[in-house]
**Student:** 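My questions will all concern the structure given below.
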2 protein chains.
Amino acid sequence: MNKEFYKLKSSLIKTLANPTRLMIVDCLRKGEKTVSDIVKTIQDEQSNVSKNLSILKNQGIIKDRKVGLNVYYSLKCTCIKEFFGCLDVMISENLEYQQELINNSKKTEG
Amino acid sequence: MNKEFYKLKSSLIKTLANPTRLMIVDCLRKGEKTVSDIVKTIQDEQSNVSKNLSILKNQGIIKDRKVGLNVYYSLKCTCIKEFFGCLDVMISENLEYQQELINNSKKTEG
DNA sequence: TAACAATATGCTAATATGACCATATTGTCA
DNA sequence: TGACAATATGGTCATATTAGCATATTGTTA
């Protein structure tokens, strides 16, 4: 197995493994937005949003476009939908699993 | 936006943002495997593999089954395919993008 | 050019993560 | 039960990541 390839892949995933960046990406799924739009939507510090935008951009996940004072950001890749689709399935299955664990422990308690 | 939800989501993604764990998941896509099978395939320390298997299991990404001395691990979620599909698209697009950057810098150099 | 608005960057301390090694646990079989 | 094989866990140190703050940069308009 080619470890370098997996390192590359994991660094891409790492970029998405951050709540602020996930919120940004989710926000951009609705279309192109300026930095201040995003700041308002996700209610975070401007400097934080800006920093995380540049991290996402460096990983090639989003792109930008300057118009006067504003910078418009948008998703580069539409397949992000499938990415999140799988995550949502995993999360809901995981919740069911944890629910089962709770139920089973209740059974053995009594 | 519900920050707690994004934290949950990012912790799930974080679990996959590690080369060793990615190798394990990829290895398990071919079917159920014992710990020592995985150790051989990905050529890592047994203790590392074991630890990362338990991290994947705790996040509900894989499941296990004990048979005598052996523990068989397998993927819980088949949608992982879509997850990786999107990543692969992003990686190849990113490579193209970086290639462009290199080409453009060559143009302006001359 | 001064004042302002939008965005980006540098620094820092707290926290999280990783690999590695030694060792523990669990199960089998003679 | 003792020896062994498969797997899991604990401790540790180096490194990575994060948010928050202050400040810098860039662009506009009067």
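Just so we're clear, the structure is a prediction, and the values are computed from it rather than from any experiment. In what follows, chains carry the letters A, B, and so on, assigned in the order in which the sequence lines appear, proteins first and then strands, with residues in each chain numbered from 1.
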**Student:** Residues two or more places apart in sequence or in another chain: which of them pass salt bridge (Lys or Arg N to Asp or Glu O under 4.0 Å) with B/Lys51?
**Tutor:**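 Partners of B/Lys51 under the salt bridge (Lys or Arg N to Asp or Glu O under 4.0 Å) test: none.
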
**Student:** The criterion is salt bridge (Lys or Arg N to Asp or Glu O under 4.0 Å); which residues satisfy it with B/Lys7, sequence neighbours excluded?
**Tutor:**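 Partners of B/Lys7 under the salt bridge (Lys or Arg N to Asp or Glu O under 4.0 Å) test: B/Glu4.
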
**Student:** Can you tell me the distance, in whole Å, between the CG atom of B/Asp64 and the C1' atom of C/dT26?
**Tutor:**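 Atom CG in B/Asp64 sits about 14 Å away from atom C1' in C/dT26.
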
**Student:** Just jot down the side chain to side chain contact (heavy atoms under 4.5 Å, CB included) partners of A/Glu45, sequence neighbours excluded, or say none.
**Tutor:**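 A/Glu45 satisfies side chain to side chain contact (heavy atoms under 4.5 Å, CB included) with A/Ser47, A/Asn48 only.
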
**Student:** For every nucleotide of nucleotides 13-20 of chain C, 5' to 3': is a protein heavy atom under 4.0 Å from its base (B), only from its sugar-phosphate (S), or from neither (-)?
**Tutor:** ----SSSB

**Student:** Only counting residues at least two apart or in another chain, list the ones meeting side chain to side chain contact (heavy atoms under 4.5 Å, CB included) with B/Lys63.
**Tutor:**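 Applying side chain to side chain contact (heavy atoms under 4.5 Å, CB included) to B/Lys63 gives B/Ser74, B/Lys76.
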
**Student:** Using the side chain to side chain contact (heavy atoms under 4.5 Å, CB included) criterion, which residues pair with A/Lys33? Sequence neighbours excluded.
**Tutor:**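 Once residues adjacent in sequence are excluded, the partners of A/Lys33 under the side chain to side chain contact (heavy atoms under 4.5 Å, CB included) criterion are A/Cys27, A/Leu28, A/Lys30, A/Asp37, A/Ile38.
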
**Student:** Using the side-chain contact (heavy atoms from CB on, under 4.5 Å) rule, take A/Ile61 and A/Leu12 through it: C-alpha gap first, then chi angles, then the decisive distance, then the call.
**Tutor:** CA-CA 9 Å; A/Ile61 296 168; A/Leu12 175 59; 3.8 Å; yes

**Student:** Considering only heavy atoms, which members of residues 30-42 of chain A lie under 4.0 Å from some atom of DNA chain D?
**Tutor:**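 Per residue number, the list is empty: none.
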
**Student:** To the nearest angstrom, how far is B/Arg65 atom CZ from D/dT7 atom P?
**Tutor:**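 For the pair B/Arg65 CZ and D/dT7 P, the rounded distance is 13 Å.
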
**Student:** Holding to salt bridge (Lys or Arg N to Asp or Glu O under 4.0 Å), I want the full list of residues that pass it with B/Glu32, two or more places apart in sequence or in another chain.
**Tutor:**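 Here the qualifying residues are B/Arg65.
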
**Student:** Report all side-chain donor-acceptor pairs from residues 14-22 of chain A shorter than 3.5 Å, counting only partners two or more places apart or in another chain.
**Tutor:**
{"from": "A/Thr15", "atom 1": "OG1", "to": "A/Ser11", "atom 2": "O", "distance (Å)": "2.9"}
{"from": "A/Asn18", "atom 1": "OD1", "to": "A/Thr20", "atom 2": "N", "distance (Å)": "3.0"}
{"from": "A/Asn18", "atom 1": "OD1", "to": "A/Arg21", "atom 2": "N", "distance (Å)": "3.0"}
{"from": "A/Arg21", "atom 1": "NE", "to": "A/Thr15", "atom 2": "O", "distance (Å)": "2.5"}
{"from": "A/Arg21", "atom 1": "NH1", "to": "A/Asn52", "atom 2": "OD1", "distance (Å)": "2.7"}

**Student:** Would you classify B/Tyr73 as touching base, sugar-phosphate or nothing, given that sugar-phosphate means primed atoms plus P, OP1 and OP2, and contacts are heavy atoms under 4.0 Å?
**Tutor:**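 B/Tyr73: backbone/sugar contact only, no base atoms under 4.0 Å.
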
**Student:** D/dT17 P sits how many Å from A/Gln59 CD, rounded?
**Tutor:**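 Going from A/Gln59 (CD) to D/dT17 (P), I get 11 Å.
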
**Student:** If you round to the nearest 0.5 Å, how far is CG of A/Leu53 from OH of A/Tyr73?
**Tutor:**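 A/Tyr73 atom OH to A/Leu53 atom CG measures 5.0 Å (nearest 0.5 Å).
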
**Student:** Using links of under 4.5 Å between side-chain heavy atoms of ILVMFWY residues, direct or through other members, which residues join A/Val67 in one cluster?
**Tutor:**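 For the cluster that includes A/Val67, the remaining residues are A/Tyr72.
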
**Student:** Produce a footprint string for nucleotides 23-30 of chain D: one letter per nucleotide, 5' end first; B if the base is under 4.0 Å from any protein heavy atom, S if only the sugar-phosphate is, - if neither.
**Tutor:** ---SBS--

**Student:** So does A/Ser50 get a side-chain nitrogen or oxygen closer than 4.0 Å to the phosphate oxygens (OP1/OP2) of C/dA8?
**Tutor:**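 Answer yes for this pair, as a side-chain N or O of A/Ser50 is under 4.0 Å from OP1 or OP2.
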
**Student:** Holding to salt bridge (Lys or Arg N to Asp or Glu O under 4.0 Å), I want the full list of residues that pass it with A/Asp26, two or more places apart in sequence or in another chain.
**Tutor:**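 Once residues adjacent in sequence are excluded, the partners of A/Asp26 under the salt bridge (Lys or Arg N to Asp or Glu O under 4.0 Å) criterion are A/Arg29.
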
